[in-house]
Amino acid sequence: MWTGALLVGTCLLYCARSTMPICAATMSESFGWSKKQSGIILSSFFWGYCMTQVLGGHLSDKLGGERVILLSAVTWGLITTITPLSVHVTSHPLTLISFLRFLMGLFQGVHFPALASLFSQRVRESERAFTCSVVGCGSQFGTLVMGGAGSLLLEWYGWETVFYFAGFLTVLWGYCVCAYLLKNKEKGLTFEELEKSFSPSSVTHVNWKQFFKKAPVWAVIIAQVSVASTAFTLFSWMPTFFKERFPDAKGWVFNVVPWVVAIPAAVFSGFLSDYLISKGYKTVWVRKVMQVFGMGVSSLFVLGLGQTDTYWQAILFASLAVGLQTFNHSGVTVNVQDLAPSCAGLLFGVANTGGALLGVIWVYLSGYFIETTGSWDPMFLLVVVVNIIGLLIFTEFAKSERMDTEVVQV
């Protein structure tokens, strides 16, 4: 039940996050925004997103990831719902929407570190890759739902309904989880609990200085930074790319097909990873193979996407690129839990903070380069280069042994 609930929660996370990329072109026409201004709004999400990664991971390690996920989801669900209403109470919609996107990023930033913490504490090691992949494919499923339903709502009823749709469903999900899955004592956080979580006695007994000197720790951080920042860039700009390169194409097609491919790919990668380990293959070898597909092979199709002028070929390349990127769930995402089960939330938060910070820069720079050069090639090339650098470092230095204990030697 919890796996299903977290899958739906992650789906709704991406439904809410997808609202702006899907509506960006239409809203730009309505409000007269340039590409640079659209880039500011799209990147403002990641400024907030990067600020709460470590905090969310730490709180989840100490208080429970399920509580952190629920409270944050209800908050960003409400923010999504009020976004269209807020536009009518200001003469500066660009500033206000950027601020609301910043707040949404602030509260969504705790989600994936909380999941990492929750899985490291509640899921057996032999089942983590599959569980992470199933829950993680909620990101593709959410983008799929919003790409289909959101595109139709946008076309039929206007951009405002896209925000209402995502926000209302999130609040409803929060109510159901609170009513049917959480115990009474887990339904909120008290100031006393928050104070205890930051007290010296609650701090995990990890020698942080030695921990962050270890090469496998930095390998997983750099790989996650590369994965997150490039995924954010593609996620933010791909709908606009298709709309401009193929203006007569239906939004529900290019916003749906790649994510239809991604869902079974994510589940398959998780099953394959756990199966290979159960057959005796070394865990670290399996993690690296997953990353070769998730960062290396997928980059070939990203590069091809920027070169094609044929609509269905572009759909094919985008689908293969997005589908192969889901193999990262069974690679670097689970490797964080391999290295540091006692503080997986915090470590993932550190790595994802770097990814979000670079995501801010890449999303804004992509808008700048697209507008100044008149070409989409620099954005796709940037994604490929960052992915390859991260992959090379991960395959060279990654390990699967615990790094959060003093007895582990690198």
Side-chain angles (χ1 to χ4, degrees), residues 53 112-113 116 120 125 128-129 132-133 136 206-234 269-270 272-274 276-277 279-303 321 324-341 343-344 346-359 361-362 380-410:
Q53 297 282 328
F112 286 105
S120 69
E125 184 177 357
R128 281 181 190 162
C132 282
S133 296
V206 176
N207 187 327
W208 296 111
K209 185 176 181 180
Q210 293 300 319
F211 182 72
F212 283 107
K213 283 184 177 180
K214 296 174 180 178
V217 173
W218 281 104
V220 78
I221 289 175
I222 292 172
Q224 178 59 28
V225 165
S226 302
V227 166
S229 62
T230 54
F232 292 155
T233 305
L234 286 176
S269 71
L272 178 63
S273 178
D274 286 342
L276 291 173
I277 292 173
K279 290 300 180 181
Y281 289 93
K282 290 185 177 180
T283 301
V284 67
W285 181 84
V286 175
R287 305 291 187 240
K288 290 179 180 180
V289 168
M290 295 296 110
Q291 286 307 116
V292 168
F293 283 98
M295 300 177 75
V297 181
S298 68
S299 293
L300 297 177
F301 295 105
V302 170
L303 199 59
L324 287 168
Q325 284 178 348
T326 64
F327 280 62
N328 296 322
H329 296 315
S330 303
V332 64
T333 302
V334 189
N335 191 233
V336 170
Q337 300 163 41
D338 296 332
L339 298 181
C343 53
L346 188 145
L347 177 58
F348 190 88
V350 170
N352 228 30
T353 296
L357 284 171
L358 272 187
I361 297 171
W362 295 162
F380 291 116
L381 184 61
L382 178 67
V383 167
V384 171
V385 170
V386 173
N387 265 334
I388 296 302
I389 291 173
L391 175 62
L392 291 174
I393 293 173
F394 187 80
T395 53
E396 178 66 25
F397 297 106
K399 292 189 177 182
S400 59
E401 295 85 3
R402 286 190 66 168
M403 299 285 148
D404 58 346
T405 58
E406 288 292 331
V407 296
V408 175
Q409 300 295 323
V410 181

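The first residue of the sequence shown is numbered 1, and numbering continues consecutively from there.
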> Nearest 0.5 Å, what's the CG-CD distance between L339 and E401?
Replying inline: 8.5 Å
>> If the condition is side-chain hydrogen bond (donor to acceptor under 3.5 Å, both in side chains), which residues does S133 pass it with, not counting sequence neighbours?
In response: S330
> With F212, which residues qualify under ring-ring contact (aromatic ring centres under 6.0 Å, His included), at least two apart?
Replying inline: none
>> Can you list everything that forms a side chain to side chain contact (heavy atoms under 4.5 Å, CB included) with D338? Sequence neighbours excluded, please.
In response: E125, T283, R287, V334, N335, S400
> Roughly how far, to the nearest 0.5 Å, is OG1 of T353 from CZ of F348?
Replying inline: 10.0 Å
> For S229, which residues count as a side-chain hydrogen bond (donor to acceptor under 3.5 Å, both in side chains) partner, sequence neighbours excluded?
Replying inline: W362
> Listed by chain and number, what are the ring-ring contact (aromatic ring centres under 6.0 Å, His included) partners of F394, not counting sequence neighbours?
Replying inline: none
> Any side-chain heavy-atom pair from L347 and I221 closer than 4.5 angstrom?
Replying inline: yes
> If you take all heavy atoms of M290 and S269, which pair is closest and at what distance?
Replying inline: SD-O, 3.9 Å
>> Please find the pair of heavy atoms, one from V332 and one from A223, that lie closest to each other, and give the distance.
In response: CG2-CB, 3.9 Å
> Would you find a donor on one side and an acceptor on the other, under 3.5 Å apart, between the side chain of S299 and the backbone of M295?
Replying inline: yes
> Residues in ring-ring contact (aromatic ring centres under 6.0 Å, His included) with F397, at least two apart?
Replying inline: none
> What residue pairs, at least two apart or across chains, pass side-chain hydrogen bond (donor to acceptor under 3.5 Å, both in side chains) with a residue in residues 218-228?
Replying inline: Q224-N352
>> Enumerate the salt bridge (charged side-chain N to carboxylate O under 4.0 Å, His left out) contacts for residues 221-233, please, sequence neighbours excluded, ordered by first and then second residue.
In response: none
> What pairs with I361 under side chain to side chain contact (heavy atoms under 4.5 Å, CB included), at least two apart in sequence or on another chain?
Replying inline: L358, L365
> What residues form a side-chain hydrogen bond (donor to acceptor under 3.5 Å, both in side chains) with Q291, not counting sequence neighbours?
Replying inline: N328
>> Which heavy atom of P216 sits nearest to which heavy atom of M403, and what is that distance?
In response: CG-CE, 4.0 Å
>> Checking L392 now: which residues fulfil side chain to side chain contact (heavy atoms under 4.5 Å, CB included) with it, not counting sequence neighbours?
In response: I388
>> Please find the pair of heavy atoms, one from S273 and one from V286, that lie closest to each other, and give the distance.
In response: OG-CG1, 3.3 Å
> Does T230 have any side chain to side chain contact (heavy atoms under 4.5 Å, CB included) partners at least two apart in sequence or in another chain, and if so, which?
Replying inline: V383, V386, N387
> Please walk me through it: do L234 and Q325 pass side chain to side chain contact (heavy atoms under 4.5 Å, CB included)?
Replying inline: CA-CA 11 Å; L234 286 176; Q325 284 178 348; 3.4 Å; yes
> What is the minimum heavy-atom distance between C132 and Q337, and which atoms define it?
Replying inline: SG-NE2, 3.4 Å
> Roughly how far apart are K288 NZ and K399 NZ, rounded to 0.5 Å?
Replying inline: 9.0 Å
> Of the non-hydrogen atoms in A340 and F211, which two are nearest, and what is the gap between them?
Replying inline: CB-CZ, 3.9 Å
